[in-house]
Visitor: 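Input: one structure, supplied below.
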Number of protein chains: 2
Amino acid sequence: MEESRYAVASKLYVAVDCIIFGFDDGELKLLVFNRQLEPLKGMWSLIGSFVLANESAEAAGKRVLQEFTGLDDIFMEELKTYSEVERDPGARCISIGQYALIRLTEKNTNLAAQYGAKWFEVSKLPDLVLDHNIMVKDALHRLRNVAQFYPIGLELLPKKFTIPQLQRLYEELFQKKMDTRNFRKKLLSLNILIQLKEKDKSGSKKGAFLYEFDYTKYRKLKNKGFSFSLFKI
Amino acid sequence: MEESRYAVASKLYVAVDCIIFGFDDGELKLLVFNRQLEPLKGMWSLIGSFVLANESAEAAGKRVLQEFTGLDDIFMEELKTYSEVERDPGARCISIGQYALIRLTEKNTNLAAQYGAKWFEVSKLPDLVLDHNIMVKDALHRLRNVAQFYPIGLELLPKKFTIPQLQRLYEELFQKKMDTRNFRKKLLSLNILIQLKEKDKSGSKKGAFLYEFDYTKYRKLKNKGFSFSLFKI
DNA sequence: TATAATAAATGTAATAATTACATTTATTAT
DNA sequence: ATAATAAATGTAATTATTACATTTATTATA
């Protein structure tokens, strides 16, 4: 098509905003950024960026994630676009929400802190700029939805984790206590866990066996989906 | 925020493209548009539009759907954005894919035809412009995914439909034959169907009872999801 | 008016998954 | 040796899924 066809339409600012989840201490957390520049200095905000002329939205999201966490292999998926005319009083700007799941480490936590970013418990989030609180709500909703039909955990938990830890992730996400016997039975039946010889003794005197995900089987299950029934709806 | 902040970023063209599904004659169909203007005259394309300065992406999608079908209460959901730098050789343009499900009627079919649009069987789609074939593939994938965990049919079938018709929709979507006894049993167990006194005799001598969806229950089930198991995966 | 043809409608037994529920085990600290 | 703690385990009852073949209602035709 020729450029002239397009000339009649107006161009818009296009941004990405990342809704970044982590899991630590039995708590689901979200990384938010404290603006250190005017305008809106001191306000909390999701981490985002404009989509530049020479990059895709996905690339923009990855760029921002890399910058704030130092990681370049982060799980990230598009959530939805936010395009209400008045959503940004500064200028007409649509934003593509992307949610990301990251494995918290000391290293990436420190880097984030340097950038003025902070991990908040999802249940204790401050007010965020613009429509960012809505984005978080939508992302949480999506995450719950995903976890209902697809395995979750590989991206959020440390490489080696215990079954009680995994259960806490599910309980936190769904805000429900689950039965340990049934949880264990179901998770093991999925055939995506590899039991290690080691134990993690930080949580109890007895210690809990460490597990790893079987990456290949995890991916397969994530492709086909299943019904994750751990409690009556 | 002040306009100056934004001045450094470049603006992009933002479009929506609608992936419009219908179901008729036991076939899943897609509405595509034959460009009647240069450039690319005669090429098949999804129906789309630029997002205008004074409307949201959702509004742009609804506007286009209304124009081509005369309907203003169409089920439409965002699929994903397409933002590869080179996706449109005419100019840098991102597109928000939206998929829609419509109930085919003579009236809206005629209107579409007036606009040079045509319903193709999904399995016999022509080549489409740009990345539109990919959008269709993604939308089909999404539709299958949705149908695996949520009820489907209300938006695609006529208000009154038979169970065999509904089964054909599922069989078509998943490209699998299903057992009529199990299908019926499962669907009825969901409690979203209301049996009418009338029969549709167009398909057989015996005739099949017509049903309607119980809209409220359908919506509830769509909110919470379920596991739709009609065949072994 | 009996018969053939056709798709719709139905039932059941075997298997698998989910649910509800309480005790024992391994370890550390005292 | 004992107490304390979270981890790990088993089972029976219920519910859902699967596999599979015959009967039924109706129309068209012989």
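Everything numeric here is computed off the predicted structure, so don't read it as measured data.
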Visitor: Report yes if at least one side-chain N or O of A/Arg181 is closer than 4.0 Å to OP1 or OP2 of D/dA12; otherwise report no.
Guide: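 Answer is no, no contact under 4.0 Å.
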Visitor: If you draw the axis of the six-membered ring of B/Tyr170, does the NZ or CZ of B/Lys186 fall within 45° of it and under 6.0 Å from the ring centre?
Guide: no
Visitor: As a test of reading the structure: which of D/dT9, D/dT27, D/dT5 is closest to the side chain of A/Arg184, going by heavy atoms?
Guide: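 Out of D/dT9, D/dT27, D/dT5, the nucleotide with an atom closest to A/Arg184's side chain is D/dT9.
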Visitor: To the nearest angstrom, how far is A/Gln195 atom CD from D/dA7 atom P?
Guide: 14 Å
Visitor: Scan B/Lys185 against the nucleic acid and name what it touches under 4.0 Å (heavy atoms): base, sugar-phosphate only, or nothing.
Guide: base
Visitor: What is the separation between atom CG on B/Asn182 and atom C1' on D/dT15, rounded to the nearest whole Å?
Guide: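 Roughly 15 Å, once rounded to whole Å.
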Visitor: So that I can tick it off, tell me whether A/Glu27 and A/Lys124 are bridged by a salt bridge, with the cut-off set at under 4.0 angstrom between side-chain N and carboxylate O.
Guide: no
Visitor: Regarding A/Thr180, tell me which of base, sugar-phosphate or nothing describes its non-hydrogen contacts under 4.0 Å with the strands shown.
Guide: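 Base: the residue A/Thr180, judged by heavy atoms under 4.0 Å, touches a nucleobase.
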Visitor: Whole Å only: how far is the CG atom of B/Leu187 from the P atom of D/dT17?
Guide: 12 Å
Visitor: The side chain of B/Ala208 lies closest to which of these nucleotides: C/dA8, D/dA19, D/dA7?
Guide: C/dA8
Visitor: Is there a donor-acceptor pair under 3.5 Å between the side chain of B/Lys159 and the backbone N or O of B/Glu212?
Guide: no
Visitor: Over how many whole Å does the gap from B/Glu171 atom CD to C/dA7 atom P extend?
Guide: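 That distance rounds to 14 Å.
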Visitor: With distance as the sole criterion, do the side chain of B/Lys206 and the base of D/dA25 form a donor-acceptor contact below 3.5 Å?
Guide: no
Visitor: Quick check: does any side chain N or O of A/Gln98 sit under 3.5 Å from a backbone N or O of A/Lys62, one acting as donor and the other as acceptor?
Guide: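 Checking the backbone N and O of A/Lys62 against the side chain of A/Gln98, no donor-acceptor pair under 3.5 Å is found.
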Visitor: By nearest nucleotide on DNA chain D, pick out whichever of A/Lys205 and B/Ser204 is the more 5' one.
Guide: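 Result: A/Lys205.
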Visitor: Between B/Gln167 (CD) and C/dA8 (P), how many Å, whole number?
Guide: 9 Å
Visitor: Atom NZ of A/Lys201 and atom P of D/dA7: how far apart are they, to the nearest Å?
Guide: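 Those two atoms, NZ and P, are 13 Å apart.
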Visitor: State whether B/Lys177 and B/Glu171 are salt-bridged, where the test is any N-O pair (Lys NZ or Arg NE/NH1/NH2 against Asp/Glu carboxylate O) under 4.0 Å.
Guide: yes
Visitor: Look through every strand shown and name the nucleotide pairing with C/dT27 as Watson-Crick or G-U wobble, where both distances are under 3.5 Å.
Guide: D/dA4
Visitor: Figure out the NZ/P separation between B/Lys199 and D/dA25, and round it to whole Å.
Guide: 8 Å
Visitor: Under a 3.5 Å limit for both distances, which nucleotide forms a Watson-Crick or G-U wobble pair with C/dT1, could you say?
Guide: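 Answer to the pairing question: D/dA30, which forms a Watson-Crick or G-U pair with C/dT1.
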Visitor: Could you please name the partner base of C/dG11, counting Watson-Crick and G-U wobble pairs only when both distances are under 3.5 Å?
Guide: D/dC20
Visitor: Rounded to the nearest Å, what distance is computed from the CG atom of residue A/Asp200 to the P atom of nucleotide C/dT28?
Guide: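 So the CG-P distance, A/Asp200 to C/dT28, works out to 13 Å.
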